[in-house]
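Order of the sequence lines fixes the chain letters, A, B, ..., with proteins taken first and strands second; residue numbering starts at 1 for each chain. Values reported hereafter were calculated over all heavy atoms of this structure, with side chains retained and with hydrogens, waters and symmetry mates removed.
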Amino acid sequence: MNTKTSAIDVLNTATELRWEVGEGFHDTLMEAIYTDAAQIADRVVTPSGQHKRFDLDRTIDRLVTGRWTGFPLMLLLLALVLWLTVEGANVPSGMLASFLLDTIHPILKSFSAGIGVPWWLDGLLLDGVYLALAWVISVMLPPMAIFFPMFTLLEDFGYLPRVAFNLDNLFKKAGAHGKQALTMSMGFGCNAAGIVATRVIDSPRERLIAIITNNFSLCNGRWPTQILIATIFIGGLVSPGLAGLASAATVVGVAVLGIMLTFVISWSLSHTVLKGEASAFSLELPPYRPPRFLQTLYTSLIDRTIFVLWRAIVFAAPAGAVIWLISNIHVGNLSLAEWFINGSNPFAILFGLNGVILLAYLIAIPANEIVVPTILMLTVMATGMSDFGAGTGVMFELDSDSETANVLKAGGWTLLTGINLMLFSLMHNPCSTTIYTIYKETGSAKWTAVSALLPLILGFVLCFFVAQIWRLFT
Amino acid sequence: MTAEKPQTACEACPAHHAGNLTRLGINMTNWDYVIALAGNPNTGKSTVFNNLTGLRQHTGNWPGKTVTRAEGGFAYENKRYKIVDLPGTYSLLSTSLDEEVARDFILFGRPDVTVIVADATRLERNLNLVIQVLEITDRAVICLNLIDEARRHGLTIDDRRLARDLGVPVVPTAARSGDGIPQLLQHIQEVATGKWVCKPHRIKNEPPTLKNALNRLVSKLEAAFPGLPNVRWVALRLLEGDLRIIEAVKSGELGSLMQPNILPQIPKQEVIA
């Protein structure tokens, strides 16, 4: 008998026996395995009488996944993390900014003047590229160095699966996968990372939903924008003592709006183009483990903070050059930037935004982090203010939020512009890295386009309605 | 064969050999042994992996966080080991992608040693997977991880008894703090080099009909593929109607399991839509 015929013989016997064993085969086998496991475990494990630790876990779980306490605790934790980030990042941010911008920049300028660098090269490199980098470092490094380790500590402690547990029911109702709660949380750090994380979702349909809606998680590049605008426009509305709280609450509000949008869009997708049942999965709530502070600090600094910062730097450098160029290349008597701003203003006003914001978002497609500095620089230029910053097309950091507020208000900004900028920052196309990641993960140009355009259109629609309603009442 | 040098107590101690561990990170060009790392989700597989390779794959306290396959290497006592971190699964019997990747690697990749990371605080549930892995492979080491946590919960685990019941080495570890890693390395080496011959546990509680069917199929398989190392498992999969295995029987790929072979490629990532 040769191998070929005996192989067929094996298969035939298997088919025959499958009938004999019957349908319950899988269950029978599992039962046998479970019995074996139980017997062995029973022999080798001796529990002690006391279960103190276990009870502590249960008590915490009852609180953080409770019907009434789960959600408020989640929001409180988010607010606390944000508040610590806002408060803690201010001082080091200011120090970095004054060092890089007020100390190093003049030294570089006088050095380049000393060796006779042509004005355009000096402008492109020092006023464009260098200032963009300095701004990104001073604005991004401190909040990231605080936000990421705190987030990682929560993750290490075991809180993330509880978040998933709390949100699972809502995701199920939205026709999406419960694990989307985890990828959504990852998106709060970085959308590109969140999209890679959707690989934990087996079903392609649910994974696509998770990918498309991940952009509604405010990412690291957008937190600083939200925080700054909230501080200026919302914090300014209340007494100084409450300003910090009010701004943190506003940012939490925007983040929650993003979460709500995630549900709404997931629901719409799963009831239209991506129809299907939500698949079940078992989520294990791991025991709480004391976080390892030093290691967490190390890995979150290296893996996340430096990684994200590096990416921002790589994208900010060319963007700085572009900003300098478009504000210094003149066609007729206006620079390219002014042409665009003036041209798009009537359109942008409809949406409660302005041409500066639109241009800033075009320039910032590679990295959301540079939106605010771009806006400030363009505003100064468009309003012809001369007492701020160092000159045309120069990215700069203002010494205080109130100075920033003065610039924006001089540029015609109102509370409406501030609110709509926050909304638009939540809902617009993802950054180019994220778009590329989506393409890599889905392998589909169509779904990549949907993921990029859907939030953008939503953003315009929402801003339009807010602006129209606002104008009705004021 | 040269006679072994008599060892001093110090040299025989695993801690001594830990000094011979060189972490190679992802720098793997050629290797002497292949190690597969299997286990339930969230048992600390990635921590063990990082501990052995010196890599810093991100770890987190939530199940399913390893979404990409990770590979790394280390050298121990002049041998180079390649280590493959498989996706965490609760079982190897269902149809999800994770489980397929894990069981195909253990079966067709034929690692020299499969290290099964088990959570000491949830031993019974973890044993379900251990038993399934032991059906596939003869060469395994149990890494009884989170032993510190188990002790904190007041659990005492008789690891010697466990090793006897399972027929493979059992090493209690607390990978987060690096406890037990030297002993783990020692046992990996012993199993890889054949110094320790495993007599792995086989499922005992199957009902007679199943047992008879299995025996009949096993004898057929043994006739068709003499020397096949994991006949019982293949028979189980055939009874289950696993298409991948049926295909392997048809194409004769199953026969190649008897020869030294090349590692199959695990898909690095799935492209959807």
Below 4.5 Å from any heavy atom of chain A, which atoms of [X] appear? Answer side chain, backbone, both or neither.
X        : result
B/Glu135 : neither
B/Arg176 : both
B/Arg202 : backbone

Mind checking whether [X] and [Y] have side chains closer than 4.5 Å, heavy atoms only?
X        : Y        : value
A/Met30  : B/Gln132 : yes
A/Glu16  : B/Arg216 : yes
B/Asp159 : A/Val44  : no
A/Ile40  : B/Leu162 : yes
A/Thr35  : B/Lys204 : no
B/Glu206 : A/Leu29  : no

Under the side-chain hydrogen bond (donor to acceptor under 3.5 Å, both in side chains) test, residues paired with B/Thr173 that sit two or more places apart: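 Residues passing side-chain hydrogen bond (donor to acceptor under 3.5 Å, both in side chains) with B/Thr173: B/Asn145.
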Separation between OH of A/Tyr34 and CZ of B/Arg125, rounded to the nearest 0.5 Å: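 Taking OH in A/Tyr34 and CZ in B/Arg125, the distance rounds to 9.0 Å.
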CG on B/Leu239 to OG1 on A/Thr15, rounded to 0.5 Å: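 Rounded to the nearest 0.5 Å, the OG1-CG separation comes out at 9.5 Å.
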Contact winner vs chain A - [options], heavy-atom pairs under 4.5 Å:
options                                : answer
B/Asn40, B/Thr209, B/Leu210            : B/Leu210
B/Leu166, B/Leu146, B/Asp119, B/Thr121 : B/Leu146
B/Asp158, B/Leu123, B/Leu238, B/Asn128 : B/Asn128

Minimum heavy-atom distance B/Glu124-A/Ala37, with the two atoms named: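 Shortest heavy-atom separation between B/Glu124 and A/Ala37 comes out as O-CB, 3.6 Å.
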Minimum heavy-atom distance B/Lys220-A/Val10, with the two atoms named: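 Minimum heavy-atom separation between B/Lys220 and A/Val10: O-CG2, 3.7 Å.
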Most contacts with chain B, counted as non-hydrogen pairs under 4.5 angstrom, among A/Val45, A/Leu154, A/Thr28: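 Of A/Val45, A/Leu154, A/Thr28, A/Val45 has the most heavy-atom pairs under 4.5 Å with chain B.
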Option in A/Leu11, A/Thr46, A/Leu17, A/Asp36 with maximal non-hydrogen atom pairs under 4.5 Å from chain B: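 The candidate making the most pairs under 4.5 Å is A/Asp36.
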Identified side chain to side chain contact (heavy atoms under 4.5 Å, CB included) partner of A/Ile33 from the options B/Ile131, B/Val130, B/Asn205, B/Leu127: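 When side chain to side chain contact (heavy atoms under 4.5 Å, CB included) is applied between A/Ile33 and each of B/Ile131, B/Val130, B/Asn205, B/Leu127, only B/Ile131 qualifies.
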